[in-house]
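First comes the structure, then the notes that go with it.
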Amino acid sequence: MTQRLTLSPQNPDPELIRQAAAVIQRRGLVAFPTETVYGLGANALAADAVEKIFRAKGRPANDPLIVHLASLADVKRVAADISPVVEKLAAAFCPGPLTFVLPKQPFVPLTVTAGLETVAVRIPSHPIALALIRASGVPIAAPSANRFGHTSPTTAQHVWDDLHGRVDLILDGGATSIGVESTVLDVSRETPTILRPGGISREDIERVIGEVALRDNRPSAENESQISPGLLGKHYTPKAELFFCVGEKAQALEKLRELAHQARTQGRRVGLLLAQDDLPSFEDCVPYALGASDDLQSIARNLYAGMRALDDQGADIILARDFGKRGLGLALYDRLLRAASQVIEV
Ligand code: AMP
Ligand code: MG
């Protein structure tokens, strides 16, 4: 049985937070909103509770989880080597959508880190997430609250659709504001390296600490890495086949119109996961407007909801394009690349 509670995202009722914290304390699973996507939380210091996350999601044990904490002081209790680089970044972006990979303290279970000696830590800014972490009194391990490999959830209904019957409680705090996951930055290496682009852009990070490296996350056999297996391969996928067109806007739209035409003549239902201003030149498709093409925040906020909405409307294929690699564009590119059945460069 999965219970569902609705809370104010700004001022969550302390009594409801206490109920949720009690579930965490008795080693149950609570799905909760963060500013990025909904997370599926458990006591990060209890290996048996963490194992339940992997079972509920169908997540392979070699895919490490992010540990959520309420303050930098708490981060220091689970992670070691908090360098000046981390202090600077934390001052600029925490709480917020930036995750640090750091050497772990010995008592952090290897179940959480998938056997690695590093741990991923984040301080979320969402008032419900922060209140839950504080009331639980323990660090909360929380991956995105979806079945493994599926599109990440940005509403409580998305979580329900994927996980009802598999988790104890879902806290409904409305739609999440950023809509894509946190940026994962490995600061345990000589050169800080972005393992996953996300809510804080590479440019933002580089303004604070200078140049960082970016790991190549393109799904491919030779990219199989020991560092973080979960980052690689196909992920975030909708049910429909997603065609992702990469290149200049005009050429990309031209190619997508061609694909739409072909698919329609084969009797397939075509979903469009595009910017508002991209849509008018298509006919007889199921449109989903992500937002204006120059408003990447809105596009990120709506990306996953769009994939789910087009699936719900019975799209056989979904057509999408990239929005460059600057700012949030890089995270959008990464997610669409890995959600895609086919990538077409124009
Ligand atoms: P999610 O399931 O959406 O929360 O994704 C968490 C991401 O953080 C995954 O892609 C993990 O591979 C990554 N991650 C977590 N812990 C580590 C770690 N210790 N080293 C590298 N990546 C990590
Ligand atoms: Mg995930």
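Both backbone and side-chain heavy atoms feed into the values below; hydrogens, waters and symmetry mates do not. Just so you know, ligand 1 is whichever comes first in the structure, and atom 1 is the first atom listed for that ligand.
- Using bins of under 30°, 30° to 60° and over 60° for the plane-to-plane angle, the ring pair Tyr304/Tyr236 lands in the parallel bin.
- Using a 4.0 Å cutoff on heavy atoms, Thr99 does not count as a contact of ligand 1.
- Of all protein N/O/S atoms, those under 2.8 Å from the Mg ion (ligand 2) are Ser144 OG, and waters are not counted.
- For Thr118, heavy-atom contacts with ligand 1 shorter than 4.0 Å involve the backbone as well as the side chain.
- Only side-chain heavy atoms of Leu195 come within less than 4.0 Å of ligand 1; its backbone N, CA, C and O stay farther off.
- Those atoms of ligand 1 that come under 4.0 Å of a heavy atom in Ile66, given as number and element, are 6 (C), 8 (O).
- Residue-to-ligand polar distances keep Glu181 apart from ligand 1: every N/O pair is separated by 3.5 Å or more.
- No side-chain donor-acceptor contact under 3.5 Å links Glu35 to the backbone of Ser177.
- Among the atoms of Arg196, some N or O lies under 3.5 angstrom from an N or O of ligand 1.
- In terms of hydrophobic clustering, with Ile, Leu, Val, Met, Phe, Trp and Tyr side chains grouped at heavy-atom distances under 4.5 Å, Leu242 and Leu274 are assigned to different clusters.
- Environment of CD in Gln262: crowded, with over 12 heavy atoms of neighbouring residues, nucleotides or ligands closer than 6.0 Å.
- Heavy atoms of other residues, nucleotides or ligands lying less than 6.0 angstrom from CD of Glu87 number more than 12.
- By the rule that hydrophobic residues join a cluster once side-chain heavy atoms approach within less than 4.5 Å of another member, Val119 and Leu72 end up as members of one cluster.
- Near Leu116, with a cut-off below 4.0 Å to any heavy atom, the atoms of ligand 1 are 18 (C), 19 (N), 20 (N).
- Note that NZ of Lys325 and OG of Ser201 are 15.5 Å apart. Values are rounded to the nearest 0.5 Å.
- The pair Asp74-Arg134 fails the salt-bridge criterion, with no side-chain N (NZ, NE, NH1 or NH2) lying under 4.0 Å from an Asp/Glu carboxylate O.
- Phe93 places none of its side-chain heavy atoms less than 4.5 Å from the side chain of Thr183.
- Of the inter-residue distances, the one linking Ser125 atom OG with Leu130 atom CG reads 7.0 Å to the nearest 0.5 angstrom.
- For the pair Arg59 and ligand 1, a heavy-atom separation below 4.0 Å is found.
- Residue Asp63 touches ligand 1 through its side chain alone, judged by heavy-atom distances below 4.0 Å.
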